[in-house]
Every structure is written in structure tokens, then in C-alpha cells.
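Just so it is clear, the values below take in all heavy atoms, side chains as well, and ignore hydrogens, waters and symmetry mates.
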Amino acid sequence: MKLVTFGVKTPLGEIRRVGTISKAGSIIDLTSAREALLNSRGVYGAAAVAATECPDRMLDFIKGGEAALLAAREAMDFVAAQGACETGSRIIFQPEEVRLLTPLPRPNSIRCFSLSEKHMLDGIESMKDTAAWGNTKPSLTKMPEEWYNLPTYYKTGTTEIYGPDETVPWPELTNVFDYELEIAVIIGKEGRAIPEEEGEDYIYGYTIYNDWSTRDFQNREMSVNLGPGLCKDNASSLGPCIVTRDEIPDIEKHIFTVSVNGKKWAETHGDFYFPLKHLVYYVSRVQTIFPGDIFTTGTLPGGSGGEKKNWIAPGDVVEFEGEGIGVLRNVIGGRGEPVSLPAAQQTWLSVTRTRES
């Protein structure tokens with residue numbers, strides 16, 4: 001299932017909903033579809049029950065686990081069989097009628113791992129040309145030995161998350177701005193001290209992640225032997241949808257591409273030194289993981305401009321396409337110029353349905 005968060009304009013403001021992308025490309029409002037199914041069964045207070053079984057916020061929907069997915073699939077089958085259904089809310093939308101948002105507007109946490117040895121080695125080699133990297137001392141000059149022993153990570157911010165087609169700001173503090181193509185792994189269940197062989201059971205699905213990086217400032221900041229901090233927290237992009245794990249049995253084999261201004265810059269795939277299930281085991285040894293946590297894989301080989309010193313510029317259009325997932329497209333703003341807040345931070349209307357509504 002391809003799950004999305006989308007916005008619908010109303011006279012009072014934008015309503016945010018959870019939907020799925022149908023095979024025909026339309027977007028089905030899952031809560032409204034579930035309501036229509038329950039109405040057909042004569043369920044009292046169908047709207048309120050539907051909001052519980054198929055929540056209209058992605059984090060709540062993920063917390064619903066298999067029960068929510070089963071309820072959603074039943075509702076989708078019902079809508080497909082019935083066509084237009086009578087309900088208090090609209091069910092089917094065309095893509096041009098809605099605003100597609102980042103699918104998980106406010107994750108619990110984002111842990112950024114680094115799983116590709118080739119990306120690391122190519123990046124270290126590239127940083128030897130300090131002039132190209134902003135005349136700053138490289139943060140790494142050789143591969144750390146412990147990289148091969150520990151799937152280490154840093155945590156980045158959960159608020160500066162941009163969705164499809166949003167403009168990403170170019171921070172004033174950098175002259176060398178870069179993209180990073182990564183896979184975001186969405187955690188679907190709470191757990192602690194999880195055996196590695198059970199790790200995949202905690203993976204809910206996948207989407208595309210862009211870990212925007214301020215390269216010159218990154219080297220300055222990490223020279224303090226702390227971080228990354230602002231060099232990564234300035235922005236992330238996530239989307240366009242969450243594809244549930246059952247549809248992607250082996251994400252490492254899927255092809256991903258990077259295009260800038262319509263020209264392909266890279267084609268790549270997963271290259272994981274540690275398997276994803278090991279990340280679940282590693283973190284849960286000392287921390288509880290929760291539905292809505294995100295683990296990113298780190299940059300895929302060739303998935304950043306810095307590896308080949310192919311730098312982007314203000315106004316460029318950066319597109320990541322993932323096989324079976326879709327396209328995450330963003331426009332780069334002018335250096336130091338303000339842009340609209342991420343849609344995740346913008347105000348929106350919440351719809352509460354009671355048994356009497």
C-alpha cells in the first residue's frame with residue numbers, strides 16, 4: 001500500500017488527511033472510505049468508528065498496525081466495487097485537487113545511519129580537494145575503523161521536514177549546499193531488546209529521504225568533534241509516500257535516481273554494510289523504539305553531489321526517484337532568502353467526528 005498525507009482546501013482552511021494512491025493514480029481518503037463501508041453495514045456512528053479504525057493522521061495510522069491496514073484494505077476494496085459511495089465526506093481525489101505533503105509530518109525521531117562504504121570512501125577522497133569544499137579542513141581524512149563494527153548514527157531535527165514540490169531554503173551560513181539521497185525506514189511497532197532475527201518485523205515501510213547538507217559549514221562544525229548539528233538540521237525532505245514493507249520485500253535491490261534540472265546525475269541502489277534488521281537490534285539494546293521513528297540508511301553510492309564535486313545552485317530543481325515509491329522533487333531557494341515554512345509546520349484544520357456527527 002502507498003500511504004500519503006494530503007491537504008484539501010476548504011473555505012475555512014486546509015484539512016489534512018491520510019490516503020492511499022490507487023492503481024489508477026487517484027488518491028483515496030481512507031477514513032472516508034472506511035466510513036462508507038461501515039455505513040453500508042449499518043454501523044451506528046460510522047464516522048467516529050472509521051476515525052478510530054482508519055485514523056486521519058499518519059502517525060496514528062501507523063500506530064494502528066496491521067488492524068488499521070486491514071481496515072484500510074477492506075475499505076479500498078469496497079470503494080473499488082461500489083464506485084461512488086454516499087458518505088459525509090468525499091472519498092476519491094485526483095492528484096491535481098490536493099496538496100501532497102510529506103507523508104509523516106512530525107516523526108517521533110530521525111536517526112541517520114551511514115551504511116554505504118563506497119559513499120564514505122568516495123566522500124573522503126573528494127574532501128581532499130579542500131578548495132572545492134569551501135576551503136575548510138575535512139571532517140574525515142580516512143575511514144574510521146569502528147565504522148565497520150558499529151552502525152553509528154546521529155539524530156537530526158523532526159520539524160524542518162519538507163514534502164514533495166516544496167521550496168527548500170539555502171541557508172545563509174553556507175556557500176556549498178548539497179543533497180543526499182537516502183532511504184527512510186519507518187518503524188511500525190514499539191519494542192526494546194529486539195533480537196536481530198525479529199528486526200524486520202518492526203519495519204513498517206519505506207520512503208525517500210533527502211538529507212540536505214551544508215558542506216563547508218559541516219566540516220567547520222564537526223571539527224569540534226561534535227555534531228552534526230545545524231549543518232544537517234537546516235532541512236530534510238521526505239516523501240512522496242510510505243510504501244508498506246509487504247510491497248518491497250528487498251529494498252536494497254530497488255533502483256534510485258538523482259536528477260537536477262531534468263538531467264540525470266546518478267543511478268544507484270542500496271548498499272548496506274549492516275542489514276536493516278541489525279539497526280533495529282542495535283538501537284533497541286538500550287532504547288525503546290516507537291511507531292513513527294525513522295531510521296535512514298545514509299547516502300546511497302553516488303547519491304550526493306559532494307562525491308563527484310557536482311554542486312547544485314540556488315533555483316535548481318532536485319528530483320529523487322525510487323522504484324516502486326515515486327518522485328520526491330524540491331526547488332532550491334536563494335541563498336539566505338526566506339521561504340515558506342514546511343507544510344508540516346503550517347496551520348491546518350482537524351476534523352473530529354463523534355457518534356452523533
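Side-chain N or O atoms of Ser284 include none that pairs as donor or acceptor with a backbone N or O of Gln287 at under 3.5 Å. No donor-acceptor pair closer than 3.5 Å links the side chain of Ser26 to the backbone N or O of Ser22.
Using a 30° and 60° split on the angle between ring planes, Tyr148 and Tyr273 fall in the perpendicular class, above 60°. Relative ring orientation between Tyr153 and Tyr282 is described as perpendicular, the plane-to-plane angle rising above 60° on a 0-90° scale split at 30° and 60°.
Remark: Arg90 engages Glu97 in a salt bridge, criterion side-chain N to carboxylate O under 4.0 Å.
For CD of Glu145, the number of neighbouring non-hydrogen atoms (other residues, nucleotides, ligands) closer than 6.0 Å is 12 at most. The local environment of CD in Gln94 is crowded, with over 12 non-hydrogen atoms from other residues, nucleotides or ligands closer than 6.0 Å. A 6.0 Å sphere centred on CZ of Arg220 holds no more than 12 heavy atoms belonging to other residues, nucleotides or ligands.
A donor and an acceptor atom, one from each side chain of Glu180 and Ser213, are located under 3.5 Å apart. In this structure, a donor-acceptor pair under 3.5 Å is absent between the side chains of Arg215 and Asn175. When only modelled atom types and interatomic distance are considered, Trp147 and Thr152 share no side-chain donor-acceptor pair under 3.5 Å. Using a 3.5 Å distance cut-off with no hydrogens or angles, the side chains of Glu307 and Ser304 do pair a donor with an acceptor. Side-chain atoms of Asp216 and Thr136 include no donor-acceptor pair closer than 3.5 Å. Side-chain polar atoms of Arg16 and Gln346 form no donor-acceptor pair below 3.5 angstrom. Remark: the Thr156 side chain and the Asp233 side chain contain an N/O donor-acceptor pair separated by less than 3.5 Å.
Legend: salt bridge (charged side-chain N to carboxylate O under 4.0 Å, His left out) pairs involving residues 261-276, not counting sequence neighbours, sorted by first then second residue: Lys264-Glu267. Sorted by first and then second residue, the side-chain hydrogen bond (donor to acceptor under 3.5 Å, both in side chains) pairs with a member in residues 251-260 form an empty list; sequence neighbours excluded. Applying the salt bridge (charged side-chain N to carboxylate O under 4.0 Å, His left out) test to every pair with at least one member in residues 191-209, sequence neighbours left out, gives no pairs at all.
Residues that satisfy the salt bridge (Lys or Arg N to Asp or Glu O under 4.0 Å) test with Glu14, not counting sequence neighbours, are Arg99. With sequence neighbours excluded, the residues satisfying ring-ring contact (aromatic ring centres under 6.0 Å, His included) with Tyr281 are His278. When the salt bridge (Lys or Arg N to Asp or Glu O under 4.0 Å) test is applied to Arg73, the partners found at least two apart in sequence or on another chain are Asp246. Applying the salt bridge (Lys or Arg N to Asp or Glu O under 4.0 Å) criterion to Lys309, with sequence neighbours excluded, gives Asp129. Residues satisfying the salt bridge (Lys or Arg N to Asp or Glu O under 4.0 Å) test with Asp122, not counting sequence neighbours, are Lys118.
A heavy-atom distance below 4.5 Å is found between the side chains of Leu3 and Thr244. In this structure, the side chains of Asp211 and Lys232 come closer than 4.5 Å at one or more pairs of heavy atoms.
As a member of the Ile/Leu/Val/Met/Phe/Trp/Tyr network built from side-chain separations under 4.5 Å, Leu101 groups with nothing else and remains a singleton. The hydrophobic cluster containing Phe93 also includes Val4, Phe6, Val8, Ile21, Ile27, Val98, Leu100, under a criterion of side-chain heavy atoms closer than 4.5 Å among ILVMFWY residues, counted directly or through chains of members. Leu70 belongs to no multi-residue hydrophobic cluster, having no ILVMFWY side-chain contact under 4.5 Å with any other such residue.
Cluster membership check: Tyr154 does not share its hydrophobic cluster with Phe113, using side-chain heavy-atom separations under 4.5 Å among Ile, Leu, Val, Met, Phe, Trp and Tyr. Cluster annotation: Ile294 and Val18 are assigned to the same hydrophobic cluster (Ile/Leu/Val/Met/Phe/Trp/Tyr, side-chain heavy-atom contacts under 4.5 Å, transitive). Both Ile242 and Leu30 belong to a single network of hydrophobic side chains, linked directly or stepwise wherever heavy atoms of I, L, V, M, F, W or Y lie under 4.5 Å apart.
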Cut-off 3.5 Å, no hydrogens considered: what does the side-chain donor-acceptor table look like for residues 311-330, sequence neighbours left out?
unit_1 : atom_1 : unit_2 : atom_2 : d
Trp311 : NE1    : Ala132 : O      : 3.4
Asp316 : OD1    : Asn261 : ND2    : 2.9
Asp316 : OD2    : Ala313 : N      : 2.8
Glu319 : OE2    : Arg329 : NE     : 2.6
Glu319 : OE2    : Arg329 : NH2    : 3.0
Glu323 : OE1    : Ile255 : N      : 2.9
Arg329 : NH1    : Asp165 : OD1    : 2.9
Asn330 : OD1    : Ser237 : OG     : 3.0
Asn330 : ND2    : Gly163 : O      : 3.0
Asn330 : ND2    : Glu166 : O      : 2.9

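The six-membered or imidazole ring of Tyr179 lies away from that of Trp212, with a centre-to-centre distance of 6.0 Å or more.
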